[in-house]
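Heavy atoms only: backbone and side chains are in, while hydrogens, waters and symmetry mates are out.
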Amino acid sequence: MPLDREALLLSPWPESLYAYDATWSTLARHARLIAVDLPGFGQSELREDLLSPTAMGDFIVRIADAFGLVRPHVVGPDIGTPAALFAAARHPNRFQTLVVGAGGAAVPLKLGSPLEDWVLDEDLSPYRAMSAKAAVTAAINNINGYEVPDIVREDYLASYAGQRFVAQLPYVRAYPTELPVLGELLPTLDTPVQIIAGRNDAVVPPENAEYLHRHLPDSKLDIIDVGHFAWEEGAEAYADVITRWWEAN
């Protein structure tokens, strides 16, 4: 394993760092890996002041600093996508490359179900009354072609117990305000970006990935034949795209 290659892996939502269970062994042959649950997600402590892509992007830099990562590769699917892009735009040359995708990015918004409702619904009372276990179980059951291991399933469910799920909603509800700001920054971003999208992603349609590819000056787009949870549904292809990207950069 090349000890000089380091990668910071950011957890997707509503999962946790265990989302990399299916790809970990492959990725670990190519880099020293550090996976984290972003603040408020997974089993990380929730901080309301970090529940926006801009604030989370700055915190990603602090995470890298805390682990002594000089210029790591960053993998940020789902909610990690806008945060990682903000981090790279606001902190030039801090990261070697980014891998993003399956996260909201397009302006105007191009979101599918149920994410669009979570972002735009004016009344949050149904979500406060909703069983977090039911919401996470529904998400897990939509991971096609992948049998979620018991230890992973248990961590996902534990990560969103009680009211944690509804408490996290402000992050994605910041998209209408923050994604236009990100859109203005994308052409200035000097970090190479690999974008991975699921062709059949009904939660975050591939138009988001295509938008990023059009607006980023140094990007590569791979669309694979899976749904939203590409890192699990298409683990082999997902890891292959990432490792080839790392080798090329």
Side-chain angles (χ1 to χ4, degrees), residues 8-21 35-63 66 74-87 90 100 102-105 109 111-143 148 151-182 201-204 208 228-229 231-232:
L8 178 61
L9 313 183
L10 311 175
S11 62
W13 182 56
E15 298 183 312
S16 72
L17 54 82
Y18 273 89
Y20 295 101
D21 181 70
V36 299
D37 287 327
L38 291 171
F41 298 92
Q43 297 203 44
S44 268
E45 181 180 354
L46 189 145
R47 280 180 45 182
E48 292 181 0
D49 60 315
L50 295 179
L51 290 180
S52 71
T54 305
M56 196 70 79
D58 289 337
F59 197 82
I60 289 169
V61 176
R62 294 178 60 189
I63 293 172
V74 174
V75 180
D78 194 72
I79 57 167
T81 291
L85 291 167
F86 266 120
R90 289 159 61 94
V100 300
L109 293 178
L111 305 176
S113 179
L115 181 58
E116 184 177 40
D117 294 336
W118 298 347
V119 171
L120 299 177
D121 277 358
E122 294 184 7
D123 181 10
L124 295 183
S125 58
Y127 302 112
R128 295 190 181 96
M130 181 174 60
S131 162
K133 180 177 180 180
V136 176
T137 299
I140 293 172
N141 290 341
N142 281 325
I143 303 175
V148 179
I151 189 173
V152 176
R153 180 183 294 269
E154 290 167 7
D155 190 72
Y156 289 172
L157 292 172
S159 296
Y160 300 94
Q163 290 292 302
R164 275 179 67 87
F165 178 78
V166 72
Q168 295 151 355
L169 287 175
Y171 182 90
V172 295
R173 292 174 69 82
Y175 284 3
T177 301
E178 297 219 341
L179 292 186
V181 177
L182 178 61
D201 189 342
V203 179
V204 182
N208 290 272
H228 178 67
F229 300 94
W231 43 92
E232 290 164 317

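- No donor-acceptor distance shorter than 3.5 angstrom exists from the side chain of Q43 to the backbone of A158, with no hydrogens or angles considered.
- One distance of note links CG of L17 with OG of S44; it measures 8.0 Å at 0.5 Å rounding.
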After noting the C-alpha distance and the side-chain angles of D117 and Y127, does the key distance pass the side chain to side chain contact (heavy atoms under 4.5 Å, CB included) rule? CA-CA 10 Å; D117 294 336; Y127 302 112; 3.5 Å; yes
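- Each side chain to side chain donor-acceptor pair (under 3.5 Å) pair with one or both residues in residues 166-176, not counting sequence neighbours, appears once here: W13-Q168.
- The only option from D78, D21, L9 that meets the side chain to side chain contact (heavy atoms under 4.5 Å, CB included) definition with W231 turns out to be D78.
- Here L120 contributes atom CG and L115 contributes atom CG; the two are 8.5 Å apart, rounded to the nearest 0.5 Å.
- Atom-to-atom distance recorded for D123:CG and R128:CZ is 8.0 Å, nearest 0.5 angstrom.
- The backbone N or O of V166 sits nowhere less than 3.5 Å from a side-chain atom of Y160 that would complete a donor-acceptor pair.
- The closest donor-acceptor contact from the side chain of N208 to the backbone of A105 lies under 3.5 Å.
- I60 has its side chain within reach of L38: a pair of non-hydrogen atoms, C-beta onward, lies under 4.5 Å apart.
- Residues satisfying the salt bridge (Lys or Arg N to Asp or Glu O under 4.0 Å) test with D121, not counting sequence neighbours, are none.
- Contact annotation: the side chain of V36 never approaches that of F41 to less than 4.5 Å [non-hydrogen atoms, C-beta and beyond].
- By the side chain to side chain donor-acceptor pair (under 3.5 Å) test, S16 pairs with D155, sequence neighbours left out.
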Enumerate, atom names and distances included, each donor-acceptor pair closer than 3.5 Å involving a side-chain atom of residues 136-143, sequence neighbours excluded.
unit_1	atom_1	unit_2	atom_2	d
T137	OG1	K133	O	2.7
N141	ND2	T137	O	3.3
N142	ND2	A138	O	3.2

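- Remark: Q163 CD is packed, more than 12 non-hydrogen atoms of other residues, nucleotides or ligands lying under 6.0 Å away.
- Shown here are the salt bridge (Lys or Arg N to Asp or Glu O under 4.0 Å) partners of R153, two or more places apart in sequence or in another chain: there are none.
- Side-chain contact between M56 and P39: present, with at least one pair of heavy atoms (C-beta onward) separated by less than 4.5 Å.
- Evaluation of the salt bridge (Lys or Arg N to Asp or Glu O under 4.0 Å) rule for D49 yields R47 as partners, not counting sequence neighbours.
- Of the inter-residue distances, the one linking W118 atom CH2 with L124 atom CG reads 12.5 Å to the nearest 0.5 angstrom.
- Between L109 and V119, some side-chain heavy-atom pair lies under the 4.5 Å cut-off.
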